[in-house]
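Following: one structure in structure tokens, then a few remarks.
Everything quoted here is computed from the prediction, not taken from an experiment.
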Amino acid sequence: MSDQAPRPAGGALPPLDPNEKLDVAALLEGIESYRPRRKGWHWREQVPEQKLHKFVYKETSKGLKNSIPLPAAHYFGDIDPQPDCVVTTEIASGRFEDDLRRMRMAAWHGADHMMVIRTAGQSHMDGLLEGTPEGVGGIAVTRKQVRATRKALDLIEDEVGRPINFHSYVSGVAGPEMAVMFAEEGVNGAHQDPQYNVLYRNINMYRSFVDAAVAKHVMSSVGMAQIDGAHNANATAVEAWNVMPELLVQHAINSAYSVSVGMPKEDICLSTVPPDAAPAPCMRMDLPYAVALRDLFGEYKMRAQENTRYMEADGRDATVSHVMNLMISRLTSADIQSTITPDEGRNVPWHYNNVAAVNTAKQSLVGMDGLREMVKLDRDAPELKAKVREIKERAVLFLEAMLREGGYFASVEEAYFVDSGIYPETHDDGIARKSDGGVAAGTIVERAADYLAPVCHHFGENHLPDGLGDGEGPGKPCDLIGGCTLCDAEKVPFIDELDPEDNVTARLAQTADLRAQGLIRPEVEWAADGWVVVTMFLPAAPRVAEFAALEFGKAMNLQDCEVINRQVMHPAEGTLIELKGRLDVVVDPATLTIPPEPVVISDAEIRAFVTGKKLKCVAATVGEDEHSVGMREIIDIKHGGLEKWGFACEYLGTSVPVEKVLDAAIEHAAQIVLISTIITHGDMHRNNMEKLADLAVEKGVRDKLLLISGGTQVTDELARSWGMDAGFGRRAKGIGVASFVVKTMRERGM
């Protein structure tokens, strides 16, 4: 890490207010003079034996100042333990102003590596497109976009209380220029792998490696973390599980090349992806590969990414695959944990799916905290031992064959790479490239004998005057020109967006009225895009269900309807459909009728009222319902329930007939009746509430009792409409029920 002291920043903004939206327009003010306050990668600060709530954690890091914990955290004191490794979120909306908002959401859930990825491809660009509109490529390729992102992240990291890494791609023919711009603008990490250019973008292999040397040298100068691209073979090979030996070779080539041009090993990260997914026996196949990788490359960092090769449109399926991949990370190691969103298969990475993926990683890694102290890999187990050795041996054979062939370039010409056979078996379906072909072929120019570049962190032979050098003498190369952009921030240029139509100012203007009036419109990717997803089950075959769903979408006044996922429940009985559509409706919060938050009364006031009235309650789970946990939490003193304030509670148990509950209330002279009704099949919860209210009227005790119901599907509005005095749903606490009782009895003079 090479964090630097804060620098003066143009267009400085006050700290973010957690209760206020990110003001993108204000963020862009003064952007031309804003400078990043730090450079270099930040690793999490691990806290051994960290104590949170009533637990001790073995593999967590320093917590956040502001965050949103996991849903179940309210059972555990609202703690939000952070895993020990950096957590990535990949964002690709194509509009940086919306990316910034999503980054803020993700940071609150625990992401500290914001990776802006392409949708069409920065790596296709043949030059640094300073004025390119953001709509090209969907990636931060211009200085304005990069600078605005870093400025926003500087504010966001103050808000959450943890440094945040910004990441993009140093690839394509524009790679060296990208590296310089990223170094100038405070980008903290980047993908850089010349093999990616060669194999997947058909950039001339010699040009790609020359460019990579320059880019890596510049990246190293600011402590930028490098992630390689070997994992792309997983997503490309016909039989991805057979490329494991080749993946090791690709990692070795890029790592060795990075070290040779001066990059420290601690800044080099291997992008490791388990090559398989269920229904293959993926854990048994992927774990030996993960072990072999870490055996051979223990000097480097591991960036663990989920497998996306077999990802379809089903979010559940993707999430389960992610959790199995995360288990491999926990059983082996991960310095950076990537979280490709469940929508990767749909190619529509939405706000909430980014957050869901981050939460999946956080929940899984924290849930497996300390697992390796109790569950260890049996390195002597015959199958694991043999598989690890086999993968390593095949990788060595691959390297030896490359040398016999004449080296890397010659072996690429012979289509060694991304062949679906497990080496030395080949299926002759690998990717072949010509060393004298590809994009930018013939563009390498040999330097003149007296070549001189008056800039710092320049790679290669540079004929500088005596006394000038990169760290070798008292002077710097850029002293010849009064400082280069990596030494003098005042010399860093700024170019605004050039497209008069596709630019951030024009896009913000389209939603200006909505923001000014505080109107609400659904969105999933861009501000006020109007997209919603409707889930429906249709009792029809898949093809019929798909087109029937489109008609239902039209009937719901949805525009541009599209089925984004369909899952067969049975070939004839039915299909689950997820339908995407655009809803052209806005809501004005000023017109909403929003009940006030329940008033919570102090402990002392509740206790005085309860003891003075000698309040009694009868409680039961009614009907055929056997759930009891929720009711016990409301009444038991050990859960902070009603007994805490002196209520005398008579608990009748579960599956209690409504008649028995009312009879018990009369018998015990209770003032309060509490019923829990979890089951809702056939409107059972409504039936139970209405029956209780009717019986109380019939027996002439309705005005003497407070009838209160609770359950996961119960709302106060519904409960009151069905004859209750109040209803309490999810996350209800005893203090809320007690406060309602005191307040209502006072109002009614009971």
Side-chain angles (χ1 to χ4, degrees), residues 68-80 109 315-316 319 352 355-356 359-360 363 367 532-537 576 578 594-600 617-644 647 649-658 660-662 672-693 706-741 744:
I68 298 175
L70 294 167
H74 66 276
Y75 292 105
F76 309 106
D78 288 318
I79 56 173
D80 190 22
H109 287 265
R316 182 212 58 80
T319 300
Y352 52 77
V355 171
N359 279 343
T360 295
Q363 183 174 359
V532 297
V533 174
V534 179
T535 302
M536 62 184 80
F537 174 81
L576 180 69
E578 288 183 82
I594 304 175
E597 290 281 355
V599 176
V600 176
C617 69
V618 168
T621 304
V622 294
E624 302 301 321
D625 200 328
E626 296 183 355
H627 296 86
S628 62
V629 173
M631 179 62 81
R632 303 300 308 192
E633 290 186 347
I634 294 298
I635 63 176
D636 281 5
I637 191 171
K638 64 181 179 180
H639 294 299
L642 299 182
E643 293 175 337
K644 170 183 176 181
F647 285 87
C649 298
E650 186 70 27
Y651 178 55
L652 305 181
T654 64
S655 302
V656 180
V658 170
K660 183 177 179 180
V661 175
L662 195 59
I672 305 114
V673 175
L674 301 175
I675 64 168
S676 175
T677 175
I678 305 297
I679 295 175
T680 60
H681 307 317
D683 273 352
M684 287 296 296
H685 60 325
R686 174 178 62 82
N687 294 338
N688 287 326
M689 288 185 239
E690 289 182 340
K691 188 174 183 179
L692 178 63
L706 285 183
L707 304 183
I708 302 172
S709 62
T712 54
Q713 303 303 314
V714 172
T715 67
D716 187 55
E717 183 180 8
L718 286 176
R720 290 175 184 273
S721 72
W722 295 333
M724 298 292 100
D725 291 300
F728 290 86
R730 296 180 185 274
R731 293 178 292 279
K733 301 287 186 183
I735 183 69
V737 177
S739 296
F740 168 78
V741 168
T744 305

Test item: [X] and [Y] side chains (from C-beta on) under 4.5 Å apart, heavy atoms:
| X | Y | value |
| --- | --- | --- |
| Arg730 | Gln713 | yes |
| Ile68 | Val355 | no |
| Phe647 | Val737 | no |
| Met631 | Ile635 | yes |
| Asp683 | His685 | yes |

Mind checking the [atom1]-[atom2] spacing from [X] to [Y]? Nearest 0.5 Å is all I need.
| X | Y | atom1 | atom2 | value |
| --- | --- | --- | --- | --- |
| Leu652 | Ile675 | CG | CD1 | 12.0 Å |
| Thr621 | Tyr651 | OG1 | OH | 4.5 Å |
| Ile678 | Thr654 | CD1 | OG1 | 11.5 Å |
| His109 | Thr360 | NE2 | OG1 | 12.0 Å |
| His639 | Lys733 | NE2 | NZ | 10.0 Å |
| Arg632 | Ser676 | CZ | OG | 12.0 Å |

Locate the shortest heavy-atom distance separating [X] from [Y]; write the atom from each residue and the value.
| X | Y | answer |
| --- | --- | --- |
| Leu674 | Cys617 | CD1-SG, 4.3 Å |
| Asp80 | Leu70 | OD1-N, 4.4 Å |
| Gly734 | Leu642 | O-CD2, 3.7 Å |
| Val661 | Ala620 | CG2-CB, 3.8 Å |
| Gly727 | Ala719 | CA-CB, 3.5 Å |

Next on the checklist: For the backbone of Asp725 and the side chain of Arg720, can you confirm whether one donor and one acceptor N or O come within less than 3.5 Å of each other?
Outcome noted: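 Yes; judged by distance alone, with no hydrogens or angles, the pair exists.
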
Checklist entry - Got a sec: does the OH of Tyr75 have more than 12 other heavy atoms crowding it under 6.0 Å? => result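 Atom OH in Tyr75 is not crowded, with 12 or fewer foreign heavy atoms closer than 6.0 Å.
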
Item to check | Given Val658, Leu706, Leu692, Ile708, the one that forms side-chain contact (heavy atoms from CB on, under 4.5 Å) with Val673 | outcome: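 For Val673, the side-chain contact (heavy atoms from CB on, under 4.5 Å) check succeeds only for Leu692.
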
Item to check | Among Val714, Asp716, Leu707, side-chain contact (heavy atoms from CB on, under 4.5 Å) partner for Met724 | outcome: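 That would be Leu707.
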
